[in-house]
2 protein chains.
Amino acid sequence: MRGRPTIYEDANIIKKAQEVFWQKGYSATSLSDLQKATGAGAGSFYNTFKGGKKEVFQKAIEERRLAFDAFKIELNKSDSPLELIKNFFRSIAAADENEHLKGCIIANTVVEMTFIDEKLEANAVQILKEVEEMFTQAIKLEQVNGTLKTKTAPEILGKYLITFWCGLNTLRRMYPDKNVLKNQIEMQLAVLS
Amino acid sequence: MRGRPTIYEDANIIKKAQEVFWQKGYSATSLSDLQKATGAGAGSFYNTFKGGKKEVFQKAIEERRLAFDAFKIELNKSDSPLELIKNFFRSIAAADENEHLKGCIIANTVVEMTFIDEKLEANAVQILKEVEEMFTQAIKLEQVNGTLKTKTAPEILGKYLITFWCGLNTLRRMYPDKNVLKNQIEMQLAVLS
DNA sequence: TTTATTTTGTAATGATCGGTACAAAATTAT
DNA sequence: ATAATTTTGTACCGATCATTACAAAATAAA
């Protein structure tokens with residue numbers, strides 16, 4: 001194929017942009033921020049992403065969805081998926097301070113975009129619902145297996161976990177501290193037993 | 001006192017501005033938005049609030065803190081404060097859709113301002129910690145009274161409730177639905193028994 | 001009635017916003 | 001070599017941003 005060679009990989013631009021969006025959110029991130037972070041100038045930027053800032057944000061969100069999907073595949077392969085989920089929550093405590101302050105880009109987006117951009121908000125809500133469904137299915141399976149004793153409906157427990165996930169998204173910023181978070185996570189996970 | 005009479009009450013400007021900030025957040029709210037919402041032009045606006053947009057936001061947050069303080073006073077007067085807190089959570093489910101989508105302006109601010117404005121974020125975190133402390137004290141009192149059976153440390157349960165509050169802040173947007181929220185709230189409150 | 005004082009409305013300010021225009025650069029196909 | 005094609009860097013666009021300047025309006029004090 002003819003033409004000047006690409007020096008800014010699409011995937012790389014999105015990865016770098018995601019980091020900025022994750023920290024500052026959509027509105028507070030400027031094109032100048034993105035250009036600084038990615039190295040790409042306006043020419044390359046708009047040549048690659050005709051949809052501009054919004055398209056890059058959507059793709060950054062989409063990449064995060066893929067990470068959740070990858071975890072879902074792990075769950076499906078496991079016969080004790082709830083233990084994987086619990087360990088996923090436990091691993092949060094071990095993250096460094098910057099990760100705590102960043103939180104979850106999907107949950108952040110729901111909060112930020114509610115009255116700003118209907119589509120972006122609905123998309124983020126959809127992803128959280130998929131994660132919730134993933135929790136629910138894992139719980140249902142372990143209830144059927146008999147490895148999870150509680151009789152509470154899996155749908156309620158799934159919503160309990162996604163609520164916890166979103167609550168943790170703020171608690172981590174209040175207490176970006178391993179020990180505090182570890183205690184709280186263990187306490188909340190004890191409900192699933 | 002001499003001078004042209006004030007037609008825009010400070011308190012009223014803040015109340016009107018709070019509504020906009022609550023919906024759109026700090027960054028996405030423009031001065032033009034605030035002027036439209038309050039009726040006050042740039043002249044009155046900057047004459048009243050020398051600190052501009054940021055000062056008005058701080059005062060809108062401060063007003064919300066006062067609402068929590070008022071509730072705290074109610075708690076101190078009560079000898080079953082935990083029941084008041086539970087009813088406070090229960091009342092959330094009954095709110096209308098717009099209230100669900102708005103969420104909690106303090107929790108929203110923590111999420112939005114983390115990498116944007118250190119002071120505004122720290123202030124919002126402080127308010128959440130005060131609410132948490134309010135929860136903790138109520139729990140401790142009812143444990144001493146014997147009206148609350150669980151032996152879990154009040155500090156852990158206080159953090160559990162503030163985590164729930166922040167989680168609810170997103171769950172409400174995912175499911176702005178009375179019945180869904182009612183079920184989840186009852187389930188999570190059942191932990192405190 | 002005049003003077004002092006304060007608020008108001010409007011018109012500007014410079015800065016930054018997201019996005020576009022376009023020519024130079026760099027490649028492949030002919 | 002030359003032509004065709006694509007990316008890149010830069011200059012620029014109008015719109016909007018938060019804020020300021022300032023004169024007219026409206027009051028109370030003198």
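Letters A, B, ... mirror the listed sequences (proteins, then strands); counts begin at 1.
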Under 4.0 Å protein heavy-atom contacts per nucleotide of nucleotides 24-30 of chain C, with B for base, S for backbone only and - for none: BBBBBS-
Per-nucleotide protein contact string for nucleotides 14-22 of chain C, where B marks a base within reach and S marks sugar-phosphate only (heavy atoms under 4.0 Å, - for neither): ---SSBB--
Salt bridge (Lys or Arg N to Asp or Glu O under 4.0 Å) partners of B:Glu63, counting only residues at least two apart: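 B:Glu63 satisfies salt bridge (Lys or Arg N to Asp or Glu O under 4.0 Å) with no other residue.
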For A:Lys53, all residues meeting salt bridge (Lys or Arg N to Asp or Glu O under 4.0 Å), sequence neighbours excluded: none
Residue-level proximity of residues 11-21 of chain B to DNA chain C when a heavy atom falls under 4.0 Å: none
What integer distance in Å separates [X]:[atom1] from [N]:[atom2]?
{"X": "A:Asn47", "N": "D:dT5", "atom1": "CG", "atom2": "P", "value": "15 Å"}
{"X": "B:Phe57", "N": "D:dT19", "atom1": "CZ", "atom2": "P", "value": "14 Å"}
{"X": "B:Phe45", "N": "C:dG9", "atom1": "CZ", "atom2": "C1'", "value": "15 Å"}

Residue pairs fulfilling side-chain hydrogen bond (donor to acceptor under 3.5 Å, both in side chains) with at least one residue in residues 82-91 of chain A, sequence neighbours excluded: A:Glu83-A:Arg90, A:Asn87-A:Arg90, A:Arg90-A:Glu186
Pairs touching residues 168-193 of chain B that satisfy ring pair (Phe, Tyr, Trp, His ring centres under 6.0 Å), sequence neighbours left out: none
Under 4.5 Å side-chain linkage, directly or through intermediates, the cluster mates of A:Phe115: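 Besides A:Phe115, the hydrophobic cluster comprises B:Leu101, listed by chain and residue number.
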Sugar-phosphate, base or nothing in reach of A:Tyr8, heavy atoms under 4.0 Å: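 Sugar-phosphate: the residue A:Tyr8, judged by heavy atoms under 4.0 Å, touches backbone atoms but no base.
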What donor-acceptor contacts under 3.5 angstrom involve side-chain atoms of residues 1-16 of chain B, with partners at least two apart or in another chain?
unit_1  : atom_1 : unit_2  : atom_2 : d
B:Tyr8  : OH     : B:Gly39 : O      : 3.0
B:Asn12 : OD1    : B:Lys16 : NZ     : 3.4

Validation: residues 68-79 of chain B side-chain donor-acceptor distances under 3.5 Å, sequence neighbours left out:
unit_1  : atom_1 : unit_2  : atom_2 : d
B:Ser78 : OG     : B:Ser80 : N      : 2.9

Residue list, ring pair (Phe, Tyr, Trp, His ring centres under 6.0 Å) with B:Phe164, at least two apart or on another chain: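 Ring pair (Phe, Tyr, Trp, His ring centres under 6.0 Å) list for B:Phe164, sorted by chain: B:Phe89.
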Polar side-chain atom of A:Asn108 near backbone of A:Lys102 as donor-acceptor pair, under 3.5 Å: yes
Pairs where residues 120-136 of chain B contributes a residue and the test salt bridge (charged side-chain N to carboxylate O under 4.0 Å, His left out) is met, not counting sequence neighbours: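 Only B:Arg65-B:Glu130, B:Glu132-B:Lys159 qualify under salt bridge (charged side-chain N to carboxylate O under 4.0 Å, His left out).
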